[in-house]
Amino acid sequence: MKSCALSLATAAATFGDEEKKMAAEKESGESEEESLTLTVQEREALGGLDSRLFGFLSLREDGASMKTLLGKAVHCYESLILKAEGKVESDFFCQLGHFNLLLEDYSKALSAYQRYYSLQADYWKNAAFLYGLGLVYFYYNAFHWAIKAFQDVLYVDPSFCRAKEIHLRLGLMFKVNTDYESSLKHFQLALIDCNPCTLSNAEIQFHIAHLYETQRKYHSAKEAYEQLLKTENLPAQVKATVLQQLGWMHHNMDLVGDKATKESYAIQYLQKSLEADPNSGQSWYFLGRCYSSIGKVQDAFISYRQSIDKSEASADTWCSIGVLYQQQNQPMDALQAYICAVQLDHGHAAAWMDLGTLYESCNQPQDAIKCYLNATRSKTCSSTSSLAARIKLLQAQLCNLPQGSLQNKTKLLPSIEEAWSLPIPAELTSRQGAMNTAQQAYKVHCPNTELVLDFSQTLISQQSLSVHMITCSQVEGLPTLAKKKRIPSPTKYRTYNGSDNWNSGQTISPHPVQQQAHSWGLTPQKLQHLEQLRANKDNLNPAQRLMLEQLENQFVLMQQRQVFFFGLHKGQSSHLAGSNDEQPLFPTGSTQYLQAACTSSQNQNGPHTLPRNSVPQGDALNHFSSHIATSGGQKGITFTKESKPSRNRSLGSETRRQDGDTSNSYAGVKELSNHVHQATTISISSLNHGDSISPNLIITDNPQLSALLIGKANDSVGPGTCEKVNNTHPAIHTKTDNSVASSPSSAISTATPSPKSTEPTSTHSVTSLNSPHSGLHTINGEGLENSQSSTKIDLPIINLKSDPQIIPSMSVSIYSSSTEVLKACRNLGKNGLSNSHILLDKCPPPRPPASPYPPLPKEKLNPPTPSIYLENKRDAFFPPLHQFCTNPKNPVTVIRGLAGALKLDLGLFSTKTLVEANNEHMVEVRTQLLQPADENWDPTGTKKIWRYESNRSHTTIAKYAQYQASSFQESLREENERKTQLKDYSDNESTSSDNSGRRRKGPFKTIKFGTNIDLSDNKKWKLQLHELTKLPAFVRVVSAGNLLSHVGHTIPGMNTVQLYMKVPGSRTPGHQENNNFCSVNINIGPGDCEWFVVPEDYWGVLNEFCEKNNLNFLMSSWWPNLEDLYEANVPVYRFIQRPGDLVWINAGTVHWVQAVGWCNNIAWNVGPLTACQYKLAVERYEWNKLQNVKSFVPMVHLSWNMARNIKVSDPKLFEMIKYCLLKILKQCQSLREALVAAGKEILWHGRTKNEPAHYCSICEVEVFNLLFVTNESNSQRTYIVHCQDCARKTSGNLENFVVLEQYKMEDLMQVYDQFTLAPSLSSSSS
């Protein structure tokens, strides 16, 4: 930072004198300035505090006094920011953010963090800052941003001391986002970490067991729950929750025996759960459901009443009570119970359906239709098609009735409109009154889903009405309680006193949910009054005018608050900032000053707003079943023990939503002493990533301070500040040369890192993701033209201790010898790295590229596919063919007629030959749904989606060949049958797209795709593999110019051949090849395949679409919606691959494929010796690391083998490889010397021929040279490898590990020195 700003050290040295001067100016010794004085001891105490203490502060003996000191420090900092007019060092704001975070003042923490971010170009090197920022995003339910921030922490510092807390939160957030594979991985990483955490291992094990349950892996969940019950000293709350889950699973799933047996087990588990926690309303509700299912109506009713008594009013409970009343022929009581349910939850599909059934049984079809329509509008309705048919039937019946017949008929029940105003139980309204304001003010709504994080309940099947209604035969067998003892009506509230007597209570008028007003808003009555006053504005008396003015002011305030708290409501403009304008979430706390400033000139979409689905956890409840860390430590943010049982929801991941309504309820907050609590059902934000997130709202208690935290354009911040590209939270509109997924080629190939650029950028430009200044025109918050007039004020900045979290860059030339490099690195101490990154030090964590700018015109979004027709062998070996295919401008090339030109015997790969060669060879089978190639529908055929599900199984070549043949024969039969109906079939095919969509409703045909058939065994497949040697060198499986041939070991499917056996409709979902390598695919025939291809430049756009659809770009199965891509200006190459055609997929190209006919394909990967290929491979290697995904190509191992085996003449490629070697050489030395200094013995192990590269068995990162192996596996010679970070998390001092060395440092130094740039032999050598 420049000297004009107030630094930490300077302010600390002179703070005492400044405070004395301030105190001397006041007459009273109790002046405010004096009260803000920090002593030397206080400053020293504050020096070690940052975000890493969040959740652990109260565990310290001085926790209470430390919080008092933190409050004093915050006031002091804020006061002096005003005096300095905001011109302070960036670290000052970072520390202020930490202090506010520890005090749980999240809005101020976020404001300070954002100011630090805007001032500090290399903010991403500060792991404590990223962690604090992630915690704040997590609090505000901004999971999209929280995930990015937490991933950045682990990327820049894998040994971060709070990694366990991060993995825990990542596991929970991925669970909400339905990325179950990632969720499980992070829970397991948290479980192996021996560092302290705000959750116990038993609670983490509970989340893992529940994750299995959420995935419907019920047997795995049952085993995990039962194993957890065997844990010694299991907390009572955890035990109660586990038993509750087991009980409900036995009720819903066929885990044991017949219905009677499973219900018996369910009741036993639930009763045991209530023994552990008698106040669990959820368990009482589940118990009532179990009793109801076996006909014990009175026991069920008592359980439901207990549930209402023990927990907040639940729509599910009231719906179930209504079912009981209806069974007992008490329609009026049933009606009132159903009304209670739908008033509590307007979108309760089951209650609306049951209510419709009730009206229909009472011969009131008009009311039944209204209820069924309400059910179909619910996001949770799974019977839309059947309800639609029922509605049509009732409407047809109404049309056939004589006029006036319904009006003259006596109604058994009030109409739905009348029923809505019926009295409801006092107990319900009293609970509503206590929690309605907070409950409804913070209900979160998203465009697609309302996320329900309820870890106390399992998935409740939303079946048809039979879920709630006992069958007629069961009803007949029940004792008629209406005759013996009527179930009490909910019209009067009665309290069960332990006997059979119900004490009557008073009747209370209902307060429908939708009429509840926010505490800061206008009630419906006041809004109506306002409209009346407006209409008669000219005829008002003075008192009425005053009232109008007051109501107008309140109305304006309400609108502002609604915008800032909830974003835009239904009916207003959609997300103002647009999906490409994502920026860090800024707080909208409950303070009086809301200021928006510093809007980037790049933002042409209007002002930023807080996303309507981003809600503070402190107000909308924390979402996790335990008190995920707060600065209060074990006290934590806790939950109510009960929650509204959700229909068709999993315990933390199933989703439900109602757009536009911000007044639905959730249960209030209630502290529990244990960590795992039965969470309240709460809408939370998974942040639909198209929502705008405002970086411009600063919340403080002082408007002047707020302005300083923002920075004013005229005296604090240059015009480019808000254009700074946020690498943690990208908000860019243009694709720049160096904004690729990680380090740009210009950075990774630079021999010596260049110093930061200080040249200002145009206010209309968008800077690189890797730009050090990223458009900043300021020095410590002031424009360059005013930077010399900074007011010098001494601040009480803390003397920060040396922080290992701040990672400096390294500046060592790749042209130095290995000895010089290691000497220079040794002089740098730690060298600023605790990781194994092979990107440039000064590059921020990798990011997906933005969509190229300017966007392509619509007419260029369906480009012609580059195709080359071969006539003879000479054409195939013509050098320009190689150059054309590897040209980055050609994302795909189709080489037509290759098999004929080279006289390839494709029959060797036919199904018949494969069966004859190896009929018992293993085949992976994917069970899929047959769909049109350009569409992807949900299983019901009602809407187009991105997610593509396919189930995995295995079979043999012989069995799949039988299926393939029978599929063909069946198709022939169907074709013959259709010939007589050809005309009708043609008419159907020519219908509109809407009709086509309706026609597709219903189950799709199931098909099986034989994939990933390994042909690597040269003994089994000698003829087939030999035939492929006829291909040109650049597409061969093995060649000197193929990078994958230098890995030194087999990577199945990459440097070996894989076979695919297909029937029509077989799909390979969207993907990029592993580590962005090129791929070769040959269609054997006899049928065709249809390909869809998107250039590498646009993978960031597809990644964004995947995130919006809760899909993992790297791991999930997805099939893009072409309409979405067209809207986003993404070009799509679409073509047919015929038998004998070879498809070359260039590096990084995104593609997806569907078989048109019956065919086989063979495919493998190749790595051309080009700078582009190496660069993209390294970038994906680092992106995989950031995303906790294994890289199948060990790029470090490969780079050293390339240095040994290949002479490189391309300067760019040489510099990138050399830099990778330099980084790894430095890391090997640093780690080796650290181990020796710690007294850890390093054992020589060496390497065997063709030994594969090693990966950590825990986190799956590549481990090079120094292998951390457990003592047990070393003695057994199984060699289970860990990386250093996972080894230390498992055993802090590494006492349970031995360290094995595979390369001598002298050997690595020799390879490094001998790898030099070779002279260029020809201009075409790429």
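Throughout, residue positions are numbered sequentially from 1 according to the sequence presented.
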Check: [Y] and [X] side chains under 4.5 Å, non-hydrogen atoms:
| X | Y | value |
| --- | --- | --- |
| Phe93 | Val88 | yes |
| Glu104 | Tyr139 | no |
| Leu1231 | Gln1284 | yes |
| Tyr137 | His144 | no |
| Asp91 | Gln95 | no |
| Lys72 | Lys67 | no |
| Thr198 | Phe56 | yes |
| Leu69 | Leu38 | yes |

Calculate, to the nearest 0.5 Å, the distance between atoms [atom1] and [atom2] belonging to [X] and [Y] respectively.
| X | Y | atom1 | atom2 | value |
| --- | --- | --- | --- | --- |
| Phe138 | Glu165 | CZ | CD | 9.5 Å |
| Cys194 | Arg1288 | SG | CZ | 11.0 Å |
| Met173 | His186 | CE | NE2 | 8.5 Å |
| Asp193 | Ile204 | CG | CD1 | 8.5 Å |
| Leu103 | Met66 | CG | CE | 11.0 Å |
| Ile166 | Leu154 | CD1 | CG | 4.5 Å |

Taking all non-hydrogen atoms of both residues into account, name the closest pair between [X] and [Y] and its distance.
| X | Y | value |
| --- | --- | --- |
| Lys1289 | Pro158 | NZ-O, 3.4 Å |
| Ala146 | Gly134 | CB-O, 3.8 Å |
| Val156 | Ala127 | CG2-CB, 4.1 Å |
| Lys164 | Cys197 | CD-CB, 3.6 Å |
| Leu101 | Ala109 | N-CB, 3.7 Å |
| Ser159 | Asp1285 | CB-OD1, 3.1 Å |

Gln114 side chain to Ser111 main-chain N or O, any donor-acceptor pair under 3.5 Å?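 No; zero donor-acceptor contacts below 3.5 Å.
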Indicate yes or no for a side-chain donor-acceptor contact from Glu42 to the backbone of Thr39 under 3.5 Å, with no hydrogens or angles considered.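 Indeed, once roles are kept as given, a pair shorter than 3.5 Å links the two residues.
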Where do Arg52 and Phe160 land on the side chain to side chain contact (heavy atoms under 4.5 Å, CB included) test, with the steps shown first? CA-CA 9 Å; Arg52 289 168 291 181; Phe160 189 68; 3.5 Å; yes
Distance alone, cut at 3.5 Å: any donor-acceptor contact between the side chains of Tyr106 and Asn100?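 No, no side-chain donor-acceptor pair sits under 3.5 Å.
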Under 3.5 Å, is there a donor on one side chain and an acceptor on the other for Asp122 and Gln120?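 Yes, because at least one side-chain N or O of Asp122 sits under 3.5 Å from a partner of the opposite role on Gln120.
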With a cut-off of under 6.0 Å to the ring centre and 45° to the axis, is Arg115 in cation-pi contact with Phe92?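 No.
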Could you walk me through whether Ile81 and Leu96 pass the side chain to side chain contact (heavy atoms under 4.5 Å, CB included) test, one step at a time? CA-CA 10 Å; Ile81 285 177; Leu96 181 59; 3.7 Å; yes
Taking the ring of Tyr77 and the ring of Phe99, is the distance between their centroids below 6.0 Å?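 Centroid distance Phe99-Tyr77: below 6.0 Å, so yes.
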Would you call the rings of Phe129 and Tyr123 parallel, tilted or perpendicular, where under 30° means parallel and over 60° means perpendicular?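 Perpendicular.
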What residues form a ring-ring contact (aromatic ring centres under 6.0 Å, His included) with His98, not counting sequence neighbours?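 ring-ring contact (aromatic ring centres under 6.0 Å, His included) check on His98 returns Tyr113.
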The single option from Leu119, Asn126, Asp50 passing side-chain contact (heavy atoms from CB on, under 4.5 Å) against Cys94: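 Testing each of Leu119, Asn126, Asp50 against Cys94, the sole residue satisfying side-chain contact (heavy atoms from CB on, under 4.5 Å) is Asn126.
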